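Every number for a ligand or one of its atoms is a count from 1 in the order of the listing. Quick caveat, the model's predicted, so the values are computed rather than measured.
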Amino acid sequence: MKKNNNYNILRNTILLTILGIIILNSYLHATNSSRLFPSIHALCPYGALESLYYLLFSGDMLKRIFTGTFILLGLTIIIAILFRRSFCGQLCPFGALQELINKVGNKIFKKKLIIPEKIDKKLRYLKYFILALTLYMAIITTGLWYSSYDPYSALGHIFKIEELLIWPSIIGLILLIFIIIVSLIYDRVFCKYICPMGAFLSLISRISPMKITRNNKTCINCKICDKVCPMNIEVSKEKEITNTECINCNVCVNNCPKEDTLEINLKNKKITPTKLTVIVLLIFFGTIFIADLLGIYTVKQGQVGKGTLIKNNQSNVSEIRGSMTLKDLTNGLNMTKEELYNKLEIDLTVSENTLLKDLQNNYPSLTPGLIKQKIDPEYNEEH
Ligand code: SF4
Ligand code: SF4
């Protein structure tokens, strides 16, 4: 396989786009109505893992966790079963942030930090301890205990810095600053030693049929694969990369100068890094898209699920609030956008993300009360 620049471009574009979306969303969440933009917790699959025990035993989800968060968790698990830690290597925004900073650091310092192998190996167990500790604490506190110490959560609250300057959230902020500084000279420090989600996906990836193989006969032992590996795996010494530290970034495969030497194998079928990335992307975002269309992907406070504004086969308009969006109504009332907009007599160009109370800016007479009456002509405010 010759180095394929298109793969680098594709992978970097995806990672940076996801990171950009997360940062933009965090900004909008902090500066606009949190009703319109989800919190970082709702978008982090680890929050759903912390909430799993609570869900199983109380039938409810922890605060700030939604059905969409569970869908994200399900997707990361499916991807880990099929394609090992491809979530870490292809989709994770915090992994992307570390890689980005490391690239900047490489340009500035041209030096890499080397942690002695013995210490490095021991330190890698730390993330499993953090996994066990944070899940245990989530159970006994019935809350997202880890979020105050989580540098990714700190990143998501960076535009509400005052919330991070108080104890214990300041620990998450300090960790975030530490990770940013260390990432300048050391690859993926958080992924290697701290991330409980990475630890969880490592455990699942053991059952995946996918692996990277190295052909001893064609390998010229140039060790390029070792040099480019962000997780410091000695690829050139292995026949098969089954190391659970591998984040399946496939940078080694892409950089190997010898044809047919490093390959991704899925049940003895060869698959190129680009194809794998596209498949992972389609599974992840395709499922989210379909779940959203079906109205089961909720990630925001008060977001209305499919059909939840219908009672005894009738529109339950008394539940409608000015803080809901037009999209909430189409979801909750099982209506198409056209049906709803026709009933409300509003233009189809009005965004579905408009809050009902904001509709009055363009349609002054359209009060929440009138909206209810237009949807259900028999509705009477005194009900
Ligand atoms: S180890 Fe954690 S931070 Fe790193 S890529 Fe995986 S999920 Fe993201
Ligand atoms: S072994 Fe290859 S695919 Fe795995 S982390 Fe290292 S470079 Fe990425």
### Message
Using the ring centroid of each side chain, check whether Tyr53 and Phe57 are separated by less than 6.0 Å.
### Response
yes
Judged by heavy atoms only, the candidate from Tyr46, Phe190, Tyr152 nearest atom 3 (S) of ligand 1 is Phe190
Aromatic contact, His157 with His41 (centres under 6.0 Å):
yes
among protein heavy atoms, the one nearest atom 8 (Fe) of ligand 1 is Cys92 SG, 2.3 Å
Any donor-acceptor pair under 3.5 Å linking the side chain of Lys337 with the backbone of Thr330? no
Judged by heavy atoms only, the candidate from Glu245, Arg85, Met231, Lys127 nearest atom 1 (S) of ligand 1 is Arg85
The answer for which part of Val253 has a heavy atom under 4.0 Å from ligand 2 is neither
query: Linking I/L/V/M/F/W/Y whenever any side-chain heavy atoms sit under 4.5 Å apart, do Ile207 and Ile264 land together?
result: yes
Taking only non-hydrogen atoms of Asn250 and a 4.0 Å limit, the atoms of ligand 2 in range are 3 (S), 8 (Fe)
Atom 4 (Fe) of ligand 1: closest protein heavy atom, distance to 0.1 Å, is Cys191 SG, 2.3 Å
| N/O/S from Cys252 sitting under 2.8 Å away from atom 4 (Fe) of ligand 2 | no
Under 4.0 Å from one or more heavy atoms of Cys246, ligand 2 contributes atoms 1 (S), 3 (S), 4 (Fe), 5 (S)
Main-chain N/O of Arg206 paired with Arg84 side-chain donor or acceptor, under 3.5 Å
no
For ligand 2, is Val228 a contact, meaning one of its heavy atoms is under 4.0 Å away? no
Note to self: Which label fits Phe159 and Tyr27: parallel for a plane angle under 30°, tilted from 30 to 60°, or perpendicular past 60°?
What the structure shows: perpendicular
* Answer yes or no: does atom CD1 of Ile114 have more than 12 heavy-atom neighbours from other residues, nucleotides or ligands under 6.0 Å? => no
*asked:* Whether Lys192 and Asp120 form a salt bridge (side-chain N of Lys/Arg under 4.0 Å from carboxylate O of Asp/Glu) is what I want to check.
replied: no
Quick look: Ile247 vs ligand 2, heavy-atom contacts under 4.0 Å, and the answer is both
- Task: Please determine if atom 6 (Fe) of ligand 2 has an N/O/S atom from Cys249 lying under 2.8 Å away.
- Result: no
Exercise. Stepwise, does the side chain to side chain donor-acceptor pair (under 3.5 Å) test hold for Thr261 with Arg214?
Worked result: CA-CA 5 Å; Thr261 301; Arg214 189 180 61 83; over 6 Å; no
Here the atoms of ligand 2 under 4.0 Å from any heavy atom belonging to Cys229 are 1 (S), 5 (S), 6 (Fe), 7 (S)
Residue, atom and distance of the protein heavy atom nearest atom 6 (Fe) of ligand 1 read Cys88 SG, 2.3 Å
Near Ile212 (heavy-atom distance under 4.0 Å), the atoms of ligand 2 are 3 (S)
One finds that the ligand 2 atoms under 4.0 Å from a non-hydrogen atom of Val235 are 1 (S)
To the nearest 0.5 Å, atom OG of Ser365 lies from atom CG of Leu370 at 6.0 Å
When distances are taken from atom 2 (Fe) of ligand 1, the protein heavy atom at minimum range is Cys195 SG, 2.3 Å
